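Everything below concerns the one structure shown next.
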Amino acid sequence: MYAIVDANNFYASCERLFNPTLAKTPIVVLSNNDGCVIARSNEAKALGLKMGDPYFQIKHLVNKHAIKVFSSNYAFYGDMSNRIMTVLESNWPETEVYSIDEAFLCLNSLPQSQHTFFCEQLQKKVRQYTGIPVSIGIGPSKTLAKLANHVAKKQLKAPVFNITSERQWLQQIEVGDVWGIGRKWGQKLNRLGVYTAYDLSMVEARTFKRKFNVIMERTILELRGISCIAIEKSEPKKEIVSSKSFGQLQTEFNPIAEALSSYAARAVEKMRKQGSLASTISVFIRTNPFRKDLPYYSKSTGFQLINPTDDVRAITKYAKMCLRQIYRQGYHYKKVGIMLGELINNTQCQFNLFDSQSDEDKEQSDKLMQVLTDINHKFGRHAIHLAAEGVNRYQPWKMRSTFKSPHYTTNWHDIPVVYAN
DNA sequence: TCTGGGGTCCTAGGACCC
DNA sequence: TCTGGGGTCCTAGGACCC
C-alpha cells in the first residue's frame with residue numbers, strides 16, 4: 001500500500017504563504033525568464049489559464065481579472081519543499097521524495113484500517129507546520145495512489161482519498177490522466193479504443209507491452225492493484241545539466257561564454273554537493289526555435305575527460321573550448337547549456353595510467369575547491385567566483401525575473417517583519 | 001518583443017566480439 | 001537452393017515525469 005503526498009498548487013501556495021492578503025486572489029507563477037505559466041491557484045485555473053501558456057499570450061487576461069503574477073523563486077520553493085519533506089520523514093520512516101512537491105510513503109507496516117486516519121493526521125500536520133496545503137492519495141500501487149490523489153483534488157476536493165475499495169472511480173478518469181500516460185500514448189490508446197483508466201486496466205497486458213513497451217505493461221498491472229514500482233531511495237544523479245535561456249538574444253561570443261561559465265559553476269556546485277566527479281562534458285547552444293524570421297542554429301559538442309574532475313577551473317576551461325567549436329558568428333542565440341556526464345563517486349576515482357597531473361596538484365585543487373564552497377556557503381552563492389563568469393554588473397544575458405518575491409526564508413534581509421500593536 | 005529547466009527509461013539498429 | 005548463435009556496447013530518438 002502506498003500514499004502519495006502532493007502539495008496543492010505548490011508554487012502558488014508558497015507565494016500566498018507570506019502574503020495572506022492574496023488568499024482569494026488568482027495567482028500565476030511563471031517559468032524562468034517569465035516565459036510560461038507553470039503554476040496557478042484554483043482561482044486562476046477557474047479563469048481558464050492553462051499550464052504552459054506563454055505569458056505574453058495571457059497578458060490581457062492578467063489585466064482583465066487582476067491576476068497576481070510572480071516570477072519563479074526556486075530558492076524559496078526549494079526551502080519550503082525541504083520543510084514539508086522533513087515533516088513527512090520525521091513522521092513516517094518509509095518515504096521517497098519524488099519531486100519538489102511530492103513524496104510517496106509505503107504504508108505496509110501499518111494495518112489497513114488505519115491508513116486513511118494516519119494520512120488525515122499527516123495532512124493536518126504538514127498544514128500546521130509549514131502552512132502549505134497538501135492532498136494525499138492512498139492505493140495498493142503507486143499508480144493507484146496517484147490516481148486517488150487526482151480524485152481527491154479534482155473531484156472530491158478532499159484532503160485525503162483512499163481508492164482501495166472504491167475502484168469504480170477508474171471509470172471516471174481519462175486514460176491520459178493516468179500516471180505514466182503522456183500526450184502521445186494517450187492519443188494512441190484512444191485510437192485503440194481505450195478511453196478511461198478502467199479501460200486500460202482491462203486490456204491484455206502482454207499485447208500492449210508489444211504495442212508500446214514494458215512501462216505500459218507495468219502501468220496496466222499497477223492499475224489492477226498489482227504493485228510493480230517500489231519505493232526507491234534517492235540515488236546520486238547520473239548526469240547534471242545547467243542551462244538557461246537568455247533575457248535577450250545574444251550574438252557575441254563573450255557574453256555567451258560568461259553565461260556558460262556561470263552555468264558551469266552552477267553544475268559543478270550541484271555535482272560537488274552529491275560528491276561526484278565528471279567524466280564527460282558537453283555543451284550545446286541554440287537560437288530561438290520560435291523566431292521564424294531569424295535563421296535557426298543548434299549544435300552541441302563534448303568530450304571525455306582523461307581525469308574525472310570536480311575542479312570548476314578545469315570544467316569552465318573545457319566548456320569554453322567546446323563553445324568555441326560550435327559558436328558561429330551571425331546568429332541570434334537564445335540558450336546555452338552544459339551537461340556533466342558519466343558521474344562517478346569521488347572516492348572511487350580510477351586514476352589514469354598516463355596521468356600527468358601530480359598528487360600535489362590534485363590535493364591543491366581539492367583544497368581550493370573546498371575553500372570556494374565554504375566561502376560561498378557562508379557569504380552566499382556567488383560571493384566568490386571565476387572572473388570568467390563576468391565582472392561587470394550589467395550582464396545582458398541574465399534572465400528576466402520581473403515579478404520575483406523576496407527570499408522570505410533563505411535570506412536574512414528578506415525575513416518578513418511583523419508589527420504587533 | 002515575448003514560448004522553462006532538469007531529469008530518467010526504453011528501444012532499435014549498427015558495430016563489434018567469439 | 002543454401003548463409004549460426006549468442007552476446008556487449010554505443011548512440012540516437014522517442015517517450016515519459018515534475
Side-chain angles (χ1 to χ4, degrees), chain A residues 4-7 9-11 28-39 50-60 62 69-74 77-78 81 96-104 142-143 146 149-150 175-189 209-219 222 228-229 232 234-249 259 263 266-267 269-271 274 280 282 284 286-294 296 300 302 304 332 334-343 399-403:
Chain A
I4 176 101
V5 182
D6 189 336
N9 316 327
F10 182 50
Y11 300 161
V28 298
V29 180
L30 302 179
S31 61
N32 279 344
N33 253 324
D34 297 337
C36 299
V37 172
I38 54 166
K50 296 276 176 304
M51 194 79 168
D53 280 350
Y55 176 54
F56 74 93
Q57 285 177 7
I58 54 135
K59 239 176 198 164
H60 63 287
V62 167
V69 176
F70 289 96
S71 303
S72 31
N73 185 345
Y74 284 105
Y77 309 148
S81 172
E96 171 193 341
V97 176
Y98 176 64
S99 75
I100 193 164
D101 74 328
E102 286 171 86
F104 284 106
K142 280 184 165 178
T143 304
K146 287 283 274 186
N149 195 295
H150 182 90
V175 74
D177 289 334
V178 172
W179 186 47
I181 308 297
R183 235 187 52 223
K184 284 282 172 68
W185 281 11
Q187 288 168 1
K188 186 168 167 186
L189 285 168
K209 179 184 180 179
R210 243 190 304 110
K211 289 192 202 300
F212 294 81
N213 64 21
V214 66
I215 296 177
M216 177 61 85
E217 184 187 33
R218 279 205 291 259
T219 298
E222 285 242 324
C228 307
I229 312 170
E232 288 161 24
S234 74
E235 297 284 341
K237 296 262 179 283
K238 296 172 184 170
E239 52 188 39
I240 289 174
V241 178
S242 180
S243 75
K244 273 185 197 67
S245 299
F246 305 131
Q248 307 162 29
L249 298 179
Y263 306 157
R266 174 78 183 119
E269 186 188 320
K270 287 197 260 183
M271 183 175 68
Q274 68 167 34
T280 67
S282 57
F284 68 88
R286 69 168 167 76
T287 59
N288 186 346
F290 294 105
R291 288 288 294 264
K292 301 300 176 205
D293 54 328
L294 294 171
Y296 181 70
S300 72
Q304 192 95 25
H332 292 73
K334 177 65 176 172
K335 187 172 181 178
V336 68
I338 179 172
M339 186 163 116
L340 305 176
E342 285 177 40
L343 303 185
M399 70 177 181
R400 271 188 307 276
S401 197
T402 316
F403 315 105

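Since the structure is predicted, the reported quantities are computational estimates derived from the model, not experimental observations. Proteins come first, then strands; the chains are lettered A, B, ... in the order of their sequence lines, and each starts at number 1.
Residue contacts for Asp34(A): at a heavy-atom cut-off of 4.0 Å it reaches no nucleic acid atom on any strand shown. At a threshold of 4.0 angstrom between heavy atoms, the contacts of Ile240(A) are confined to the sugar-phosphate backbone, with no base atom among them. Looking at heavy-atom distances under 4.0 Å, Phe290(A) makes contact with a base. Within the nucleic acid shown, Ile100(A) has no heavy atom closer than 4.0 Å to any nucleic acid atom. Looking at heavy-atom distances under 4.0 Å, Arg266(A) makes no contact with the nucleic acid at all. Counting any heavy atom pair closer than 4.0 Å across all strands shown, Glu102(A) reaches sugar-phosphate atoms only and no base atom. Among the heavy atoms of the strands, none lies under 4.0 Å from Ser72(A). Using a 4.0 Å heavy-atom cutoff across all strands shown, Lys238(A) reaches sugar-phosphate atoms only and no base atom. Across all strands shown, Tyr98(A) has heavy atoms under 4.0 Å from sugar-phosphate atoms exclusively, and none from any base. As judged by a 4.0 angstrom heavy-atom cut-off over every strand, Asp101(A) is placed among residues touching the sugar-phosphate backbone only.
Not counting sequence neighbours, the partners of Asp6(A) by the salt bridge (charged side-chain N to carboxylate O under 4.0 Å, His left out) test are Lys153(A). The side-chain contact (heavy atoms from CB on, under 4.5 Å) test applied to Lys244(A) returns Asn32(A), Tyr263(A), Met399(A), not counting sequence neighbours. By the side-chain contact (heavy atoms from CB on, under 4.5 Å) test, Ser401(A) pairs with Ser71(A), Lys404(A), sequence neighbours left out. Every residue two or more places apart in sequence or in another chain that forms a side-chain hydrogen bond (donor to acceptor under 3.5 Å, both in side chains) with Glu342(A) is listed here: Gln304(A). Taking the side-chain hydrogen bond (donor to acceptor under 3.5 Å, both in side chains) definition, one finds that Tyr77(A) meets it with Glu15(A), sequence neighbours left out. Residues passing the side-chain hydrogen bond (donor to acceptor under 3.5 Å, both in side chains) test with Glu235(A) are Lys233(A), sequence neighbours excluded. For Tyr98(A), the ring-ring contact (aromatic ring centres under 6.0 Å, His included) partners at least two apart in sequence or on another chain are Phe104(A), Trp179(A). Under the side-chain contact (heavy atoms from CB on, under 4.5 Å) criterion, Lys270(A) pairs with Ile240(A), Arg266(A), not counting sequence neighbours.
Listed for the Ser31(A) side chain is a donor-acceptor partner under 3.5 Å among the backbone atoms of Cys36(A).
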query = With Watson-Crick and G-U wobble geometry limited to distances under 3.5 Å, how should the secondary structure of DNA chain B be encoded in dot-bracket form, using | for bases paired to another strand and [ ] for crossing pairs?
reply = ....||||||||||||||
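When each of Asn32(A) and Phe56(A) is assigned the nucleotide of DNA chain B with its nearest heavy atom, Phe56(A) is the one assigned upstream, toward the 5' end. Residues Lys270(A) and Asn213(A) both approach DNA chain B. Their nearest nucleotides, taken by heavy-atom distance, put Lys270(A) toward the 5′ side.
The span of DNA chain C lying next to chain A, judged by atoms under 4.0 Å from heavy atoms, is bounded 5' to 3' by dA15(C) to dC18(C).
Taking CD of Glu222(A) as the reference point, atom OG1 of Thr143(A) lies at 3.5 Å (rounded to 0.5 Å).
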Show which side-chain atoms of residues 180-188 of chain A pair as donor or acceptor with protein atoms under 3.5 Å away, not counting sequence neighbours.
unit_1, atom_1, unit_2, atom_2, d
Lys188(A), NZ, Lys211(A), O, 2.8

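For an aromatic pair to be called close, the ring centres must be under 6.0 Å apart, and Phe290(A) with Tyr296(A) fails this.
A heavy-atom distance below 4.0 Å to DNA chain B is reached by these residues of residues 334-343 of chain A, ordered by number: Lys334(A), Lys335(A).
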